[in-house]
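Note sheet for the following structure.
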Amino acid sequence: MNSPEQPLPTFDEVLLCTPQTSAEQVGLFLRRCLIPCRGGNKIYTMLYADELSYDVSKRAEELFQHLQCYNSSYRLVILCNCERENSYLPSAFSHYKVHMIPQRSRAEIQQYLQHHFQVPRPSDSAAAVFKEHMCVGIVSSKRAGMGK
């Protein structure tokens, strides 16, 4: 995010974990991260790794320990909910833990994301219905099931 021209992560660099995420999905992700290839300097990120089941987390840790010897310069970020830091995967990787403080202001982060998610005008895109021609949007409600 040092420059607006830096790209957002690609689909292969991010794994959004849920309780339904399989060991195979995590294994493929870790292989992309830890086995060297001509892909460049990608930063791989596992989001909500604390959501993984115990069995999947255990297998992920074992695979990580096995594959880690193939690449000493991997770049892997594991993000977890701080309220669930005692679940298996965050505990297994706790010696790597770094408390992160954002280096950019919220406004700078929003401006960077806006730069990447804005659809150029004129276009016949569904983005025309969103504020400022954004191709993504978040719809939320404090009350569940109210027609989002």
Side-chain angles (χ1 to χ4, degrees), residues 1-119 125-127 130-132 134-148:
M1 206 184 105
N2 293 331
S3 131
E5 302 312 314
Q6 283 183 308
L8 292 170
T10 58
F11 70 93
D12 66 326
E13 294 175 87
V14 179
L15 179 64
L16 180 59
C17 301
T18 68
Q20 291 75 35
T21 302
S22 69
E24 181 181 8
Q25 290 171 306
V26 175
L28 290 171
F29 179 78
L30 288 174
R31 283 180 179 83
R32 280 196 302 267
C33 173
L34 296 169
I35 296 176
C37 66
R38 297 172 28 186
N41 294 325
K42 292 184 175 185
I43 300 173
Y44 293 89
T45 306
M46 289 179 71
L47 298 170
Y48 305 115
D50 53 291
E51 295 276 332
L52 296 173
S53 70
Y54 176 84
D55 292 335
V56 172
S57 296
K58 178 94 171 108
R59 289 176 63 185
E61 181 201 11
E62 291 168 355
L63 182 61
F64 176 84
Q65 299 299 338
H66 174 73
L67 293 176
Q68 180 179 351
C69 64
Y70 292 106
N71 186 359
S72 61
S73 63
Y74 63 89
R75 294 163 54 165
L76 174 63
V77 177
I78 300 174
L79 296 174
C80 302
N81 182 340
C82 64
E83 294 174 5
R84 294 184 42 120
E85 67 184 346
N86 293 326
S87 59
Y88 187 86
L89 211 56
S91 296
F93 289 93
S94 63
H95 55 283
Y96 297 110
K97 184 193 267 186
V98 175
H99 289 285
M100 190 198 86
I101 298 170
Q103 300 297 309
R104 302 278 189 227
S105 70
R106 183 177 182 169
E108 288 175 304
I109 293 169
Q110 288 174 332
Q111 186 176 14
Y112 172 78
L113 292 173
Q114 185 176 10
H115 172 77
H116 286 284
F117 288 126
Q118 195 166 41
V119 175
S125 168
F130 286 112
K131 181 180 176 184
E132 299 176 10
M134 294 292 142
C135 63
V136 297
I138 297 174
V139 178
S140 66
S141 172
K142 293 184 191 288
R143 296 173 58 194
M146 297 305 294
K148 292 185 284 291

Using only atom types and a distance under 3.5 Å, with no angle test, would you say the side chain of Asp50 pairs donor to acceptor with the backbone of Asn81?
yes
Surrounding CD of Glu62 (heavy atoms of other residues, nucleotides or ligands, distance under 6.0 Å), is the total greater than 12?
yes
Working note: Tyr112 + Glu108, criterion side-chain contact (heavy atoms from CB on, under 4.5 Å); need CA distance, chi angles, decisive distance, verdict.
CA-CA 6 Å; Tyr112 172 78; Glu108 288 175 304; over 6 Å; no
Straight-line distance of Arg104 CZ to Gln111 CD, nearest 0.5 Å
11.0 Å
Heavy atoms, side chains only, cut-off 4.5 Å: are Cys17 and Met46 in contact?
yes
Output the distance between atom CG (Leu16) and atom CZ (Phe11), rounded to the nearest 0.5 Å.
15.5 Å
Nearest 0.5 Å please: distance from the CG atom of Asp12 over to the CG atom of Leu15.
11.5 Å
Taking all non-hydrogen atoms of both residues into account, name the closest pair between Lys58 and Tyr88 and its distance.
CD-OH, 3.3 Å
Only residue of Ile43, Leu47, Leu8 satisfying side-chain contact (heavy atoms from CB on, under 4.5 Å) with Val14 is Leu47
Partners passing side-chain hydrogen bond (donor to acceptor under 3.5 Å, both in side chains) against Ser91 (at least two apart in sequence or in another chain):
none
Would you tell me whether Asp55 and Ser57 have side-chain atoms, one donor and one acceptor, within less than 3.5 Å of each other?
no
Scan Tyr96, Tyr44, Phe64 and name whichever one has a ring-ring contact (aromatic ring centres under 6.0 Å, His included) with Tyr74.
Phe64
Can you find a pair of side-chain heavy atoms, one from Lys42 and one from Thr10, that are under 4.5 Å apart?
yes
Could you pull out the closest heavy-atom pair between Val56 and Ala23, with the gap in Å?
CG2-N, 3.7 Å
Between CD1 of Ile78 and CG of Leu52, what distance do you get to the nearest 0.5 Å?
9.5 Å
Checking Tyr48 now: which residues fulfil ring-ring contact (aromatic ring centres under 6.0 Å, His included) with it, not counting sequence neighbours?
none
To the nearest 0.5 Å, what is the distance between OH on Tyr54 and CG on Leu89?
11.5 Å
Can you pull out every side chain to side chain donor-acceptor pair (under 3.5 Å) where at least one residue sits in residues 22-34? Sequence neighbours excluded, please.
Ser22-Gln25
Show, in sequence, the C-alpha distance, side-chain angles and deciding distance for Leu76 and Leu30, and conclude whether the side-chain contact (heavy atoms from CB on, under 4.5 Å) test is met.
CA-CA 9 Å; Leu76 174 63; Leu30 288 174; 4.2 Å; yes
So which heavy atom on Asn71 is nearest to which on Cys33, and how close?
ND2-O, 3.7 Å
Distance (rounded to the nearest 0.5 Å) between Ile109 CD1 and Gln103 CD
10.0 Å
